[in-house]
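The structure presented is a predicted model; accordingly, all values stated were derived computationally and were not measured.
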Amino acid sequence: QVQLVESGGGSVQAGGSLSLACVSSGPTYSRYCMAWFRQVPGKEREGVATIDSVGTTSYADSVKGRFTISHDKNVLYLQMNNLKPEDTAMYYCAADFKGWLFSRRCGPVLADFDHWGQGTQVTVSS
């Protein structure tokens, strides 16, 4: 069973930086789509960034130029720079290991992901 564990959240002032990490344990797969989502209370979980097994990335418009997704072996990262108060949310990492079976593009579609971490809180103050 795949397990995802996030870390690195915290509180920072606007303009600051944080780096999130998500460690994956259990079975490994050569093809995958991994993502960072975020959610604030009362709102839907939204995709922040995705990366597939060949390194293709995608970003939400709201974080382009500020956030960078990357991975190294079994760790998924999200480098967040120039943080804004509107980036405050619970951040979740997610993994999809079956999408390639359906020739599915790696993208921030909530329903495509069946492995989730427990989340890490990011709070940005103005």
Side-chain angles (χ1 to χ4, degrees):
Q1 182 71 11
V2 172
Q3 289 191 328
L4 304 175
V5 179
E6 302 98 335
S7 62
S11 297
V12 66
Q13 289 192 329
S17 298
L18 283 174
S19 181
L20 306 183
C22 171
V23 178
S24 174
S25 61
T28 58
Y29 300 86
S30 60
R31 297 187 187 187
Y32 52 82
C33 172
M34 299 200 71
W36 288 97
F37 286 79
R38 65 186 181 187
Q39 188 172 24
V40 297
K43 292 191 176 181
E44 291 186 357
R45 194 169 294 189
E46 65 170 355
V48 175
T50 65
I51 187 167
D52 66 14
S53 50
V54 296
T56 303
T57 58
S58 70
Y59 296 91
D61 288 342
S62 59
V63 307
K64 280 180 182 176
R66 300 188 298 120
F67 290 11
T68 302
I69 189 171
S70 62
H71 62 94
D72 182 17
K73 296 180 181 178
N74 66 325
V75 185
L76 179 71
Y77 299 98
L78 186 68
Q79 177 64 41
M80 304 184 294
N81 297 326
N82 189 22
L83 283 160
K84 303 177 180 181
E86 51 264 42
D87 295 319
T88 295
M90 184 72 79
Y91 283 72
Y92 299 89
C93 74
D96 167 22
F97 300 114
K98 300 177 182 176
W100 66 273
L101 293 170
F102 310 102
S103 299
R104 189 163 63 206
R105 186 183 70 86
C106 180
V109 178
L110 202 68
D112 290 347
F113 296 87
D114 48 10
H115 300 280
W116 292 87
Q118 82 289 348
T120 185
Q121 178 68 37
V122 171
T123 302
V124 185
S125 58
S126 57

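- Between Tyr91 atom OH and Leu78 atom CG the span is 7.5 Å, to the nearest 0.5 Å.
- Of the inter-residue distances, the one linking Ser25 atom OG with Gln3 atom CD reads 4.5 Å to the nearest 0.5 angstrom.
- Across all their heavy atoms, Pro108 and Gly47 have their closest contact at CB-CA, 3.8 Å.
- Neither side chain, His115 nor Tyr32, offers a donor N or O lying under 3.5 Å from an acceptor on the other.
- To the nearest 0.5 Å, the span separating CZ on Phe97 from OG on Ser30 amounts to 10.5 Å.
- Between the OH atom in Tyr29 and the NZ atom in Lys98 there is a gap of 8.0 Å [rounded to 0.5 Å].
- Cluster membership for Phe37 and Val48, using ILVMFWY side-chain heavy atoms within less than 4.5 angstrom, is not shared.
- Residues Cys106 and Ile51 form no side-chain contact, since every pair of their non-hydrogen atoms from C-beta on lies 4.5 Å or further apart.
- Sorted by first and then second residue, the salt bridge (Lys or Arg N to Asp or Glu O under 4.0 Å) pairs involving residues 45-61 (not counting sequence neighbours) are Arg38-Glu46, Asp61-Lys64.
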After noting the C-alpha distance and the side-chain angles of Leu4 and Tyr92, does the key distance pass the side-chain contact (heavy atoms from CB on, under 4.5 Å) rule?
CA-CA 9 Å; Leu4 304 175; Tyr92 299 89; over 6 Å; no
Run the side-chain donor-acceptor check on residues 116-126: report pairs under 3.5 Å with partners two or more places apart or on a different chain.
from   : atom 1 : to     : atom 2 : distance (Å)
Trp116 : NE1    : Phe113 : O      : 3.1
Gln118 : NE2    : Glu6   : O      : 3.4
Gln118 : NE2    : Glu6   : OE1    : 3.4
Thr120 : OG1    : Gly9   : N      : 3.1
Gln121 : NE2    : Ala89  : O      : 3.4
Gln121 : NE2    : Thr123 : OG1    : 3.4

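- Without hydrogens or angle criteria, Tyr59 side chain to Ile69 main chain gives a donor-acceptor distance under 3.5 Å.
- The number of heavy atoms from other shown groups lying within 6.0 Å of CZ (Arg105) does not exceed 12.
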Derivation of the side-chain contact (heavy atoms from CB on, under 4.5 Å) call for Val12 and Ser17:
CA-CA 7 Å; Val12 66; Ser17 298; over 6 Å; no
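- In terms of hydrophobic clustering, with Ile, Leu, Val, Met, Phe, Trp and Tyr side chains grouped at heavy-atom distances under 4.5 Å, Met34 and Tyr77 are assigned to different clusters.
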Walk me through it: do Asp87 and Arg66 pass the test side-chain contact (heavy atoms from CB on, under 4.5 Å)?
CA-CA 11 Å; Asp87 295 319; Arg66 300 188 298 120; 2.7 Å; yes
Working note: Asn74 + Thr28, criterion side-chain contact (heavy atoms from CB on, under 4.5 Å); need CA distance, chi angles, decisive distance, verdict.
CA-CA 8 Å; Asn74 66 325; Thr28 58; 5.9 Å; no
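- Put simply, NE2 on His71 and OG1 on Thr57 are 9.5 Å apart, with the number rounded to the nearest 0.5 Å.
- The closest side-chain heavy-atom distance from Leu83 to Phe67 is below 4.5 Å.
- Side-chain contact between Asp96 and Arg104 is present, with at least one heavy-atom pair separated by less than 4.5 Å.
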